[in-house]
Amino acid sequence: MANAYQTLGEFIIDNQEDFKYSTGELSRLLSSIRLATKVVNQQVNKNGLVEDILGDVGEDNVQGEAQKKLDVFANDTFIKALTQREVVCGIASEENEFFIPVESKANSHLSKYVVLIDPLDGSSNADVNVTVGTIFSIYRRVTPDGTPVTIEDFLQPGNKQVAAGYVVYGLSTMLVYTTGNGVNGFTLDPSLGIFYLSHPNMTFPKDGNIYSINEGNYVHFPQGVKDYLKYCQKSEGDRPYTSRYIGSLVSDFHRNMLKGGIYIYPSGTNHKYGKLRLLYECNPMAYICEQAGGKATDGYQRIMDIDPCELHQRVPFFCGSENMVNKVEEMMAEYPDDKIDYVDLKEKVMNQAK
Ligand SMILES: O=P(O)(O)OC[C@H]1O[C@](O)(COP(=O)(O)O)[C@@H](O)[C@@H]1O
Ligand SMILES: [Mg+2]
Ligand SMILES: [Mg+2]
């Protein structure tokens, strides 16, 4: 049930029954994410004014990427909000090499959920006042309740997610999420610090005329993607399409969901498996995309059916308006050798771990 000007807090409570495991734990978890989002939003908005929040930390994260001070701030803020409230039994983050088990201080009943998070998405835009975001994915643990979490609780396929969402810190700050009953968007009223339902039942147009890809990597792209770009740029029918690329997955995705479009970060000679991370970027965005009537694949198969084998695993990402994703898949199918064999990859990873 959605009505305008409903607050996010009210919406979470009013829709708790939609969720078959509803004991209030997921609601408390979503409320903790809401709180952390407001803290990060306040910092992002003061970017440039606040001492010591711009620039690099001077270290690389586990991805080998320069860590931004805002990456660290956002990471600490979400981890603190989630662990202090004991609303999760474990957290995995882009900024942490290993998952973080959460112990219950009061030996009280610990939550049955784990969260995987990209605390600041679009970090390369953090210092230049361009929209950045946060992405989160929530699973019910698979190991017995009350026992310490293990890697198995995190390495679950996307089709097992119980909820997923993202935040865009842009002209306005929005939180968009799903629990498997459609997608709803909430806009923050900064004067009151309250999120209001501004975009009920968001849907992806079946078609669009926007493509989002870093064409600077063209030489590295698989042939199927090169063919698709030629198709997009050809003057025929409703083409050429328009190229739009902000460099923050959340904002390119958000625009494409509102207007119709496709986002592509393919594999390539520079990124063997693509750049984006399966567990805390592609799976949550794929869940939202599908819940809004769009499609998300690796160019060949459904993202949410991929069996993960590593916490920071990367996959090629094709996501957006269904007919546009079908079109590029048609072209990728001409080059079956570019398809990634995840079973083989998992075996390789398992053997290396031995
Ligand atoms: O600069 P590139 O190679 O085009 O990559 C941009 C992509 O990488 C990302 O910044 C990766 O996310 P992080 O900033 O969280 O590492 C995406 O948001 C974005 O779409
Ligand atoms: Mg990211
Ligand atoms: Mg990030």
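We count ligands from 1, going down the list as the structure has it; atoms in each ligand are counted the same way. Worth saying up front: this structure is predicted, and the values here are computed from it rather than measured. Computation of the quantities below employed the complete heavy-atom set of this structure, encompassing side-chain atoms and omitting hydrogens, waters and symmetry-equivalent molecules.
Comment: Glu65 engages Arg277 in a salt bridge, judged by a side-chain N to carboxylate O separation of less than 4.0 angstrom. Between Arg28 and Glu25 there is no salt bridge, since none of the side-chain N atoms of the basic residue sits less than 4.0 Å from a carboxylate O of the acidic one. The residues Arg140 and Asp145 are annotated as salt-bridged, a charged nitrogen and a carboxylate oxygen being separated by less than 4.0 angstrom. Asp56 has no carboxylate O lying under 4.0 Å from a charged side-chain N of Lys69, or vice versa, which leaves the two without a salt bridge.
The side-chain hydrogen bond (donor to acceptor under 3.5 Å, both in side chains) pairs that include a residue from residues 240-251 are Asn125-Ser248, where partners are two or more places apart or lie in different chains.
Close contacts of ligand 1 with Glu281, meaning ligand atoms under 4.0 Å from a residue heavy atom, involve 11 (C), 12 (O), 13 (P), 15 (O). Close contacts between ligand 1 and Gly122 involve ligand atoms 10 (O), 12 (O), 13 (P), 14 (O), 15 (O), 18 (O) [criterion: under 4.0 Å to a heavy atom]. Counting atoms of ligand 1 from 1 in the listed order, those under 4.0 Å from a heavy atom of Asp118 are 15 (O). Here is the list of ligand 1 atoms found below 4.0 Å of a heavy atom in Glu94: 13 (P), 15 (O), 16 (O). Below 4.0 Å from some heavy atom of Ser123 lie the following atoms of ligand 1, by number and element: 14 (O). Listed by number with element, the atoms of ligand 1 under 4.0 angstrom from any heavy atom of Leu249 are 17 (C), 18 (O), 19 (C), 20 (O). Of all the atoms in ligand 1, the ones that sit under 4.0 Å from a non-hydrogen atom of Ser248 are 18 (O), 20 (O). Numbered from 1 in the order shown, with element, the atoms of ligand 1 that lie under 4.0 Å from a heavy atom of Glu65 read 16 (O).
Among protein heavy atoms, atom 19 (C) of ligand 1 sits closest to Gly247 O, 3.3 Å. When only non-hydrogen protein atoms are considered, atom 3 (O) of ligand 1 lies nearest to Tyr265 OH, 2.6 Å.
Proximity of a side-chain donor or acceptor of Asp121 to a complementary backbone N or O of Val250 within less than 3.5 Å is detected.
The side chain of Lys275, and not its backbone, has at least one atom closer than 4.0 Å to an atom of ligand 1 (non-hydrogen atoms only; side chain from C-beta on). Proximity of Asp252 to ligand 1, defined as any heavy-atom pair under 4.0 Å, is not found for any part of the residue. Residue contacts with ligand 1 for Asn214 involve side-chain atoms from C-beta outward but no N, CA, C or O (heavy atoms, distance under 4.0 Å).
Between Leu276 and ligand 1, no pair of N/O atoms sits closer than 3.5 Å. The shortest N/O to N/O separation between Tyr263 and ligand 1 falls below 3.5 Å.
The nearest non-hydrogen atom to atom 13 (P) of ligand 1, considering only His271, Lys68, Arg277, comes from Arg277.
Listing protein N, O or S atoms at distances below 2.8 Å from the Mg ion (ligand 2), with waters left out, gives Asp118 OD2, Asp121 OD1, Glu281 OE2.
With sequence neighbours left out, the ring pair (Phe, Tyr, Trp, His ring centres under 6.0 Å) criterion links Phe318 to no other residue. Partners of Tyr263 by ring pair (Phe, Tyr, Trp, His ring centres under 6.0 Å), not counting sequence neighbours: none found.
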